[in-house]
Peer 1: 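Quick one: this structure, given as C-alpha cells, is what I'll be asking you about.
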Amino acid sequence: MSATDAGTDRAMLTEVATGILRDLCTPEDVVAAEATGWSDRLWGALEASGFPYVSVPEAAGGSGGDVADACALLAVAGRFAAPVPLAEAGLTGGWLLASAGLELPDGPLTVPAGRPGDVAALSGGPGAWRLTGRLTRVPWGGRSTRVALLATGGGTSYVVSAPTAAARVTPGRNLAAEPRDDLAWDDVPLAAGTVAPAPAGVDDLALRLRGALGRAALISGALARVAELTVRYTGEREQFGRPIARFQAVQAHLVTIAEEAQLAGLAVQVAAGNARPEPGFFDVAAAKAVTGEAATVAARASHQAHGAIGMTKEYELGQLTRRLWSWRDEFGSERYWNRQLGRRLAADGPDRLWPRISTGLGET
Amino acid sequence: MSATDAGTDRAMLTEVATGILRDLCTPEDVVAAEATGWSDRLWGALEASGFPYVSVPEAAGGSGGDVADACALLAVAGRFAAPVPLAEAGLTGGWLLASAGLELPDGPLTVPAGRPGDVAALSGGPGAWRLTGRLTRVPWGGRSTRVALLATGGGTSYVVSAPTAAARVTPGRNLAAEPRDDLAWDDVPLAAGTVAPAPAGVDDLALRLRGALGRAALISGALARVAELTVRYTGEREQFGRPIARFQAVQAHLVTIAEEAQLAGLAVQVAAGNARPEPGFFDVAAAKAVTGEAATVAARASHQAHGAIGMTKEYELGQLTRRLWSWRDEFGSERYWNRQLGRRLAADGPDRLWPRISTGLGET
Amino acid sequence: MQFSATTLSPAEEKLRAEVRDFLAEQLPPDHRPALGFAGRHDPAFSRTLAARGWVGMAIPPEYGGHGRSAVDRFVVAEELLAAGAPIGAHFVADRQTGPALLHYGTEEQRRRFLPGIAAGEVYFSLGMSEPDSGSDLASVRTRATKVDGGWTVTGTKVWTSEAHRNHWFAVLCRTSPMEEGRKHAGLSQLIVDLHAEGVTVSPIPFLDGSHHFNEVALEDVFVPDDMVLGEIGSGWQQVTSELAYERSGPDRWLSTFPVLREFVREHAGPAVRDDAAAVIGRFAARFWAIRQMSLSVARALDAGQAPAVEAALVKEVGTRFEQDLVEALRVAAETELDQGTGTLFQRLLAEAVLTSPKVTLQGGTTEILRSVAAKGLGS
Amino acid sequence: MQFSATTLSPAEEKLRAEVRDFLAEQLPPDHRPALGFAGRHDPAFSRTLAARGWVGMAIPPEYGGHGRSAVDRFVVAEELLAAGAPIGAHFVADRQTGPALLHYGTEEQRRRFLPGIAAGEVYFSLGMSEPDSGSDLASVRTRATKVDGGWTVTGTKVWTSEAHRNHWFAVLCRTSPMEEGRKHAGLSQLIVDLHAEGVTVSPIPFLDGSHHFNEVALEDVFVPDDMVLGEIGSGWQQVTSELAYERSGPDRWLSTFPVLREFVREHAGPAVRDDAAAVIGRFAARFWAIRQMSLSVARALDAGQAPAVEAALVKEVGTRFEQDLVEALRVAAETELDQGTGTLFQRLLAEAVLTSPKVTLQGGTTEILRSVAAKGLGS
C-alpha cells in the first residue's frame, strides 16, 4: 500500500485493513490469542502491508497518511479486538521517533502509558547515553522490540528508542488479557542513533493526547461492533414467542447502545479530522471522555440485552466489552479528561464556552 | 389529644392527623394557599389538636411523644403538601426552646436553615440581651411569630426565642412557593425569658440533624403519595387500547418509584425509631441522603409516567414534586450528607464500615 | 443508520459570525436568557430577526422566504438557543407550519401565510394533543362535520403553546368516523383562526407558574374549505411527519445550555474545584458530540436523505441529556432554588428544574422515540 | 405493598456476634474476599460452618437441620457475604434445594438429602436454563420419557453453576408434549445425579476466566421414579416459586460490598478527598436502606406473609445497586484494572467489573422482575 493511497483514500485503507482482519482476526483467533494477548500471524500481515506506521511520513520510514487515517485504522482494529499493539505504533510511538528523526524499529514498538510515578532519565551525555527508568503497564511492553519514550537528561527532554531486551519485565495484563507490562532499565547504555532531542511541541501532553485519541478510536470501533451484535442477537433470539427486540425494555437498550456508539464514532472522527497536524486538547479530551462514558453505558446495556450468552469468555461480545472496560481507563479515564477539560473551560470563562463547543475547527 | 396517646399510639396520631389534613388540606386547598404558602385554617386546626408540638414534653408545654411520632406526623404533612411550618415546630424549634427551658410561643415557630453565612450574636449580657443577626431563607420566616435559634454571646452559646416582629424581612420562596424569607435583626433588645444558655449537646449540628430528619420525613410522605398517584393514573389512563401500566417502559417507572418511595420511608422510620432521644448522625445523614436521591429519581419517573398532565401547576403531582425538588436541598442536599457521612466513615476506617451499616441500633 | 462527521463551510461560519454579532447587539449583556424555543414570546425580536433574513429560511423566495439550507437554519437556530434569545413567537410557525404548508398546502394557502411567517409576524400553534390522547394521536376526538362551504369543528385541544398570543393553529381532527382496524384513517388537519367565533382559549398554568400552555375549546367553529391543510383523511400521515421535523434540531439539546454557561461563570478561573470541573467538562464534551450528531442530520437533509431514525436518536439522547445536565448542575451547586432570588445561575437553575420534565414529552415521548429508533436499527 | 422497619432482637444480635467471631477466626485478615455467594467453592469451609449450625438453618431438626427463622438466616447470610466468606459449595443447596425438598419432596427424599445439605456436605446445582430458553422457562426442551421404574432424560442445560463440583441438580424438563395455550403444563422437576451415566459436564468459561458455569448434556439419563421432585406436571409452578426464594436475600445486594470496604481502606483517615467521601457516603447510606428493605422481607416471611412483590423489588433495586456501586468505584478510583496485580481493592474491583453484568440476570432479569413488581403494585 503506498502512502498516497493511505492519505487520499481512507475508505480503501479501512477496506483493506478490514479484509486482513476478517481473515486473520476472527473471534476464534482472538480467543486463541488470549493466552499471550498476541497474534504473530496478524502482526506479520499488518506489518507486511505497512499498517503499523500509517500517519508516519514516508520520508521517516512510515506509510504516510494522517492522524485521521490512523484513527480510521484503529477503529477497524477495535472492531475486531485485534491482539496487536497497533495504537502504540504509528499514531504514538512512530510519531515520537519520527518527530526526533529516529529510526523506526523492526518488530513491534510501544509507548509508555503516562501513568503516575513513571520515570525515565538519561545520564552520560551525547554518544554515551545511559537510561534509567521505570514504566508501569506498558502496552505489550514485554512483547515489543522497543519503547519510544521521552526522558530528561541534564534538564533537556529527549526522545529515546529504548530496547526492551535490556529491560526487566514484570508481566501484567488488562481485563481483556492484553499485555500491560512493567519495564525497568537500570543504567542501561543506549546505542547510537536511539536518542535525539525532543523538538518543540513533542512533550508528555502531546504524547498523552495521541495515546488517548488512539484508545478513543479503538473504543469507537468496538462499540460499532457491539451495536451490530446486539441488533442481530435481539432480532434473532425469541422469548415468549417473539423476537426480544420487540420488547420495550430491549428497545431501550438497543437505542442506548446505538446512541453511544454513534456519539463515540463521531467524536473520534471529528477529533481526528481536526488534527492539523496535531490533535487538539479540547477535541481529544472530549473524545476520550465521550468514548469512555459510551463504553461504560453501552457495555452494560449490551450485556443486559444479551443475557447470559454475552458473558461467556468466548462469545464475541465479551471479547469486546472486556476491552472497552480496559481501554476507557487507559491514557486517562473519562473522569480524568472531564476534569482536565472542565479546568481549561473554567479558566477560559463563560463567554468562550459556546464558541468552543460549536466550532468544528479544532482550535486548541 | 393527650401526650400519652401521642407517645403510645403512633397509628392513632397519624390517623387523626390524616383526618384533619384530608378535610382541610385538599389539593384544591393547597392550590388556594399558593399565593402565600400558608393556610390559616389548617394551622389553626393543627394547633388546636396540639400537633405542632408533638415530641416536646408536656412538662415544657408540648404535646409529648417522641421523635418517631413527630416524623410520622411529618410524613402525613408531606403527603398532603401541607402549607404550614410543621417541621419547624416540635421536632426542631420546639425542641430547641424546650431544651433551654424557654417558653413555646403562641403562633408559628420556625428555625434557621443553617445556611452558609448565617450569623446570630448576642450582646449586652443577662437581663439586657440584644440580638444582631442575619438568617437566610428561613422557612415561613415572615409568617412566624418567633424564630428559635442558637446565638453566641461572650463565647457562650445561647438558645434564643427571637421575635420576627423586630426583624427586617426579605421575602423569598422555594420552588413550591413555600415562604423562605431572609430575616435580619440589628441590635434588637430581647425580652426577659427569651434567652437561656444552650445545654450540652444542643448545638448547630444537633439542630441541623433534626432539621434534616424533618425534611426527610416530609419527603417520605410526599413520595408515598407520588407512588400512589402514579399507580392510579397509569392504571386508568389508556393509550393504544390498553392501560399504560401494561407497557414495559411505564412498568420500569412504576417500579423505580415504588423502590425509592419504600427506601425513603424505611430510612426515615429507622432513623426516627433509633433516636433515643437524639437522632444519630449516621442515621440522619443516611436518611437525608437516601430521601434526597429518592426525591430526584422518583419525581423524574413520575413525570415521565404521567406525561403532560403531571405538569399542570394545579394537579396534585406537581404540588408534590415541586416540594420534593425543594426539600431535597434544604438542611443539606444528598451530596452534602453523602460527603459528611463518607468523611466520618473514612475516618473510622474499613473495619467499622459493615458493623455501622448493619446495626439497627442507632449508634452515632 | 449512519451519522457522518461534517464541518461547516466558510460561508456557514460567516453566517454564524453574523448571527453572533447581531445577538451581541440585540441582547443586553445582563439579559436573562430564555431556556429553549418556548422560553419567551417576543414579537418585536421575531420581526427584527426576520428583517435580517433569519426567519422563514426554509421558505422559497417566491413566498417571501430565503430558501436556505438545513445547515444554515441549524447554525442560526443553535446561535439563538445558545444565547437564550426570545424566539418563542415565531419558532413553531417557522420550524413546523412553514414546511407543512410547503408540503401539503394549496398555492393559495402558501401565498396567504408564508410571507407573514417569513416576516416574523404570523404565529402558529399546534393543535394535536387532547385530554384523552397523548402519544396515541389516532385517538383524537375533535370532530369536523362537513357543512356548506366548509367544516364545523367541535372538540378540545390541550397543551396548545402560546394559543393566547398566536394567530392560528393547525388542528388534527376526525373528519370521518373511526373504523375498526383503520384507526389512522379519517383524520385531517384544518387551519383554525384562534380568534374565530366559538374558540375559547384558557390557560393551563405550568409547574413553574408560567402561562405558556392553553386549553383551546372549539365549539361549532366554522372552518372554510380553503383552510383544509393537505388531503382530507391524510391528517395522521401529515402529523407524524411533522413530528419528525420536531426531533433533531438544536432546540432538542440546547434548551438548558445557558444554565451550564452560568455555572461556568460561577466557577470561572483557574482554581475551580475538581467536582465542578468534572461536571463542566463532562457536559461540554457531550454538548460537542451531540451537536455533531444533530448537525450531521441537517447535512443529510440537505443531501436529500430522510434520516428519520437518526433524528429520533438525536432527540432521544438530546432531551435526556438536557435533564441530566440540570440534575448534575443541581447536585454540584448544593444550593436552594428560588426562581426569584439569587444569582442568574441560581434563578435559571430553578427555572430549569421546574421546566425540564417537559422536554422528554414534547414531540414524542422517550418511549415512542425508542420504538421508532429501535425498529429502524433492526432494518 | 408495605415494608415495615424492623430491628433485631438481642438474640438475633447475639447470633450476629457469634458469626462475626467465627469468621474472624476462620478467615485470615489478608484473605481475598469472595464476591457474592458464587465467589468460591470451599467444601471444608461449608462443613465447618455447618458444624456451627449455620447451614440448613431452614431445615427442621428431624431432618438434621436447625429450624431457625428467616431473620436468623438473614443475619448469618449477611455476615458471611459482607466478610466475603467462601460459601459457594453449599449455598444453592441451602437456600434453594432444601426449601424445595421441604415443600415438594417425598419423605424419603427429605431423609435422603436434607441431613447431608444441613451438614454442608451435599451440594446441588440448578437445572433450569437451556440454550434457547432464558427468562421464558416454559420453552425448555429437555425431555423426560417414561420408562419402566423411572424416566429417561435427554437435553442440554446451560449456566449450571458448579456442576463440575456438585453432586446433584434439579432438572426442569418436559414430561408431556407442549399443548397450544397451556405451555406451562407438562413440565416437571427431576433430581439428577451429576455423576450418572449419560451426564456430560463441560465448562462455560466466564468473562473473568473463571470456571463456575457449565453446560450439562443429558443423553438418555435414567432417573428413577423416586427422584421426581413434587408432582409430575407441576414443574413450572415449583420453579417459579423457587425463583421467589432467590429474590430478596442479602446475596442480592451484598455481593460487591467487599469492594467498597477496600475502597474505604484506600481512603481511610480524616483527609479523604471530597469526591471519594461522597461515593463512600452515598453507597453506605444505600446499603443501610436496602438492607432494611431486605430485612423487612425476612421478618414478613417469619410472620407467615408471602411478600412476593416486595421480594422482587428488593432484588431489582439490589442488583442494580451492586452494578452502580462497581461503576461508581471504578470512576472514583481512576486506575487501570488488572485481576492479578495491584492492591486488594484494585484486584477486587477488576473482578467485580468482569462479573457484575451477571447479577441483573440471575434469578429473573431486571425486566422480568419489573413486570412482577409492577403487576403487584397495581393490585
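All values derive from a computational prediction rather than experimental measurement.
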Peer 1: Using a 6.0 Å cut-off, check whether atom CZ of A:Arg242 has over 12 heavy atoms from anything other than its own residue.
Peer 2: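 Counting other residues, nucleotides and ligands, CZ of A:Arg242 exceeds 12 neighbours.
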
Peer 1: Between A:Arg335, A:Met311, A:His303, who has the most heavy-atom pairs with chain D when the cutoff is under 4.5 Å?
Peer 2: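 Option with the greatest count: A:Met311.
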
Peer 1: Between A:Arg300 and D:Asp324, is there a salt bridge with N-O shorter than 4.0 Å?
Peer 2: yes

Peer 1: Going by side-chain hydrogen bond (donor to acceptor under 3.5 Å, both in side chains), name the residues that satisfy it together with A:Arg168, two or more places apart in sequence or in a different chain.
Peer 2: A:Asp186

Peer 1: Under 4.5 Å from any heavy atom of chain A, what part of D:Ser210 do you find: side chain, backbone, both or neither?
Peer 2: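 Answer is neither: D:Ser210 stays 4.5 Å or more from chain A.
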
Peer 1: Measure A:Thr312 against the heavy atoms of chain D and call it side chain, backbone, both or neither at under 4.5 Å.
Peer 2: both

Peer 1: Can you check side-chain contact (heavy atoms from CB on, under 4.5 Å) on D:Thr335 and A:Asp329, steps first, answer last?
Peer 2: CA-CA 7 Å; D:Thr335 181; A:Asp329 284 326; 6.0 Å; no

Peer 1: In terms of heavy-atom proximity below 4.5 Å to chain A, should D:Leu354 be classed as side chain, backbone, both, or neither?
Peer 2: both

Peer 1: Using a strict threshold of under 4.0 Å (side-chain N to carboxylate O), is an ion pair present between D:Asp208 and A:Arg322?
Peer 2: no

Peer 1: Can you tell whether the side chains of A:Arg328 and D:Glu336 come within less than 4.0 Å, N to carboxylate O?
Peer 2: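 No.
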
Peer 1: Return the minimal non-hydrogen interatomic distance between A:Gly310 and D:Leu207, and the atom names on each side.
Peer 2: O-CD2, 4.2 Å

Peer 1: Any ion pair linking A:Arg137 and D:Asp338 (charged N to carboxylate O, less than 4.0 Å)?
Peer 2: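 Looking at A:Arg137 together with D:Asp338, the answer is yes, because their closest N to O distance falls below 4.0 Å.
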
Peer 1: Check D:Arg330 against A:Ser333 and note the closest heavy-atom contact, atom names and distance.
Peer 2: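 Reported closest heavy-atom pair: NH1-CB, 4.1 Å.
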
Peer 1: Under a 4.5 Å heavy-atom cut-off, does chain D meet the side chain of A:Glu334, its backbone, both or neither?
Peer 2: side chain

Peer 1: Could you have a look at A:Ala308, A:Gly332, A:Gly307 and say which one has the most heavy-atom pairs with chain D under 4.5 angstrom?
Peer 2: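 Between A:Ala308, A:Gly332, A:Gly307, the count favours A:Ala308.
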
